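None of the values given here were measured: they were computed from a predicted structure.
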Amino acid sequence: MLEFLSVDTVMLTVLGYPMSWIEFFGTVFNLWCVWLVAKNRVLNWPVGIVGILLFGALFWQIRLYADLFEQVYFFVTSLWGWWVWLHPRSAGETDIRGELAISGLNRRGYAVYGVVLAVGTVVLTFVTMHLHQWLPGYFPEAASYPLLDSFTTVMSFAATVLMVRRKIESWHLWIAVDIIGIGLYWAKDVHLVSLLYAVFLVNAVNGLIRWSREHRARIPAVQHT
């Protein structure tokens with residue numbers, strides 16, 4: 001099992017690029033997860049948990065420590081999201097499947113999330129820049145691209161909370177994360193993950209369109225109840 005989880009264990013070589021088992025299966029499960037999210041399916045949560053565990057092991061090995069912390073966060077919020085989607089707090093929050101319905105943020109919500117993104121990025125950048133000094137036994141080398149890595153991580157944190165609450169604005173953040181991630185992971189030579197984020201970008205745009213359409217269709221129904 002440890003050999004399977006090693007980034008150095010090559011599954012196959014594609015156009016000269018050695019692809020590890022952990023990168024391949026982590027990519028497959030994460031791709032499956034975001035496809036299910038865009039289709040507004042609750043099955044995305046258990047599928048995503050498998051991908052989270054695989055990518056967590058991958059990011060630790062390639063020294064993207066903020067991304068490692070991100071996977072821990074995703075694991076917890078995935079369990080939370082799974083529960084919330086299946087257990088709306090009131091009948092007014094439900095969709096036709098009896099699950100939490102799609103909605104949007106108000107002005108106060110935009111302000112709160114803006115502050116969270118700014119402060120969170122500064123704090124996480126500082127932490128990841130010093131991890132190799134504070135905990136050299138666990139983080140033997142300095143973090144790579146700490147500012148970009150931290151920024152996308154904090155955006156992903158916020159996007160996940162919004163996704164759990166089924167807010168349309170989650171897709172705005174995911175689109176930004178995906179654009180940055182394409183370049184970041186390519187620079188770190190995990191090319192399949194970079195290409196995965198290109199697919200994520202297309203999926204995020206599709207998800208935004210689908211959720212916006214479903215939200216607009218629900219508004220008249222809510223107004224007439």
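- Annotation: side chain of His191 is in contact with side chain of Asp189 (closest heavy-atom distance under 4.5 Å).
- Atom NE2 of His172 sits about 6.0 Å away from atom OH of Tyr110, to the nearest 0.5 Å.
- The backbone N or O of Gly26 sits less than 3.5 Å from a side-chain atom of Asn30, completing a donor-acceptor pair.
- Nearest heavy atoms, Ser103 versus Glu169: O-OE1, 4.3 Å.
- With hydrogens and angles ignored, the 3.5 Å screen pairs no side-chain donor or acceptor of His215 with any backbone N or O of Trp211.
- Following chains of ILVMFWY side-chain contacts shorter than 4.5 Å, one cannot reach Val164 starting from Val72, and the two form parts of different hydrophobic clusters.
- Note that CH2 of Trp45 and CD1 of Ile52 are 8.5 Å apart. Values are rounded to the nearest 0.5 Å.
- Around the CE atom of Met129, the shell of radius 6.0 Å holds no more than 12 heavy atoms that belong to other residues, nucleotides or ligands.
- Taking the six-membered ring where the residue is Trp, Tyr65 and Phe139 present perpendicular rings, their angle passing 60° and hence far from 30°.
- Ser212 has its side chain out of reach of Trp171: every pair of non-hydrogen atoms, C-beta onward, lies at least 4.5 Å apart.
- In this structure, Phe29 and Trp32 have tilted ring planes: the angle between them lies in the 30° to 60° band.
- In terms of heavy-atom proximity, Ile22 sits nearest to Ser6 at CG2-O, 4.2 Å.
- The two residues Gln61 and Leu5 have their closest heavy-atom pair at NE2-O, 2.7 Å.
- Clustering of Ile, Leu, Val, Met, Phe, Trp and Tyr side chains at separations under 4.5 Å leaves Val202 isolated, with no partner residue.
- When side chains are defined from C-beta on, Leu64 counts as touching Ser144, because their heavy atoms get closer than 4.5 Å.
- The CD1 atom of Ile102 sits 4.0 Å away from the CD atom of Glu214 when rounded to the nearest 0.5 Å.
- Considering every non-hydrogen atom in both Val37 and Met163, the closest pair reads CG1-SD, 3.4 Å.
- Results of the side chain to side chain contact (heavy atoms under 4.5 Å, CB included) test with Thr153 over Thr125, Leu68, Asp67, Leu148 single out Asp67 as the only residue that passes.
- Looking at heavy atoms from C-beta onward, Ser20 lies out of side-chain contact with Met11 at the 4.5 angstrom threshold.
- Taking every heavy atom of both residues into account, Val84 and Leu100 meet most closely at CG1-CD2, 3.8 Å.
- Within 6.0 Å of CH2 in Trp80 there are more than 12 heavy atoms belonging to other residues, nucleotides or ligands.
- Across all non-hydrogen atoms, the minimal contact from Gln71 to Phe59 is NE2-CE1, 3.5 Å.
- With values rounded to the nearest 0.5 angstrom, Leu58 atom CG is found 12.5 Å from Leu53 atom CG.
- Without hydrogens or angle criteria, Thr13 side chain to Pro18 main chain gives no donor-acceptor distance under 3.5 Å.
- Using cut-offs of 30° and 60° for the angle between ring planes, the His130 and Phe126 rings count as tilted.
- In this structure, Tyr185 has its ring center no closer than 6.0 Å to that of Tyr145.
- Between Phe74 and Ser156 the shortest side-chain heavy-atom distance falls below 4.5 Å.
- The line from CD1 of Ile179 to CG of Leu184 is 14.0 Å long, rounded to the nearest 0.5 Å.
- In this structure, Val161 is not a member of the same hydrophobic cluster as Val112, with clusters built from ILVMFWY side-chain heavy atoms closer than 4.5 Å.
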Review point. Between Met155 and Leu117, is a side chain to side chain contact (heavy atoms under 4.5 Å, CB included) present by the stated rule, with each step listed?
Key: CA-CA 6 Å; Met155 279 199 295; Leu117 290 176; 3.8 Å; yes

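- Residues meeting the salt bridge (Lys or Arg N to Asp or Glu O under 4.0 Å) test with Arg63, sequence neighbours left out: Glu141.
- By the 4.5 Å heavy-atom criterion applied to side chains, Val7 and Glu23 are not counted as neighbours.
- The OG1 atom of Thr128 sits 5.0 Å away from the CG atom of Leu124 when rounded to the nearest 0.5 Å.
- The hydrophobic cluster around Val10 extends to none of the other residues, as no ILVMFWY side-chain heavy atom falls under 4.5 Å of it.
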Point to revise | Stepwise side chain to side chain contact (heavy atoms under 4.5 Å, CB included) test for Asn44 and Val34 | key: CA-CA 7 Å; Asn44 84 86; Val34 297; over 6 Å; no

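- With hydrophobic clusters built from ILVMFWY side chains whose heavy atoms lie under 4.5 angstrom apart, Leu195 does not share a cluster with Val190.
- By the 4.5 Å heavy-atom criterion applied to side chains, Asn40 and Arg166 are counted as neighbours.
- Ile182 and Trp186 fall into different hydrophobic clusters, where Ile, Leu, Val, Met, Phe, Trp and Tyr side chains are chained together by heavy-atom contacts under 4.5 Å.
- In the hydrophobic clustering of ILVMFWY residues, with side-chain heavy atoms under 4.5 Å counting as a link, Ile180 and Val122 come out apart.
- Shown here is Phe55, whose CZ atom has more than 12 heavy atoms of other residues, nucleotides or ligands within 6.0 Å.
- For the pair Leu105 and Arg165, the minimum side-chain heavy-atom distance is below 4.5 Å.
- The residue from Thr152, Leu162, Asp178 that alone fulfils the side chain to side chain contact (heavy atoms under 4.5 Å, CB included) condition with Leu173 is Leu162.
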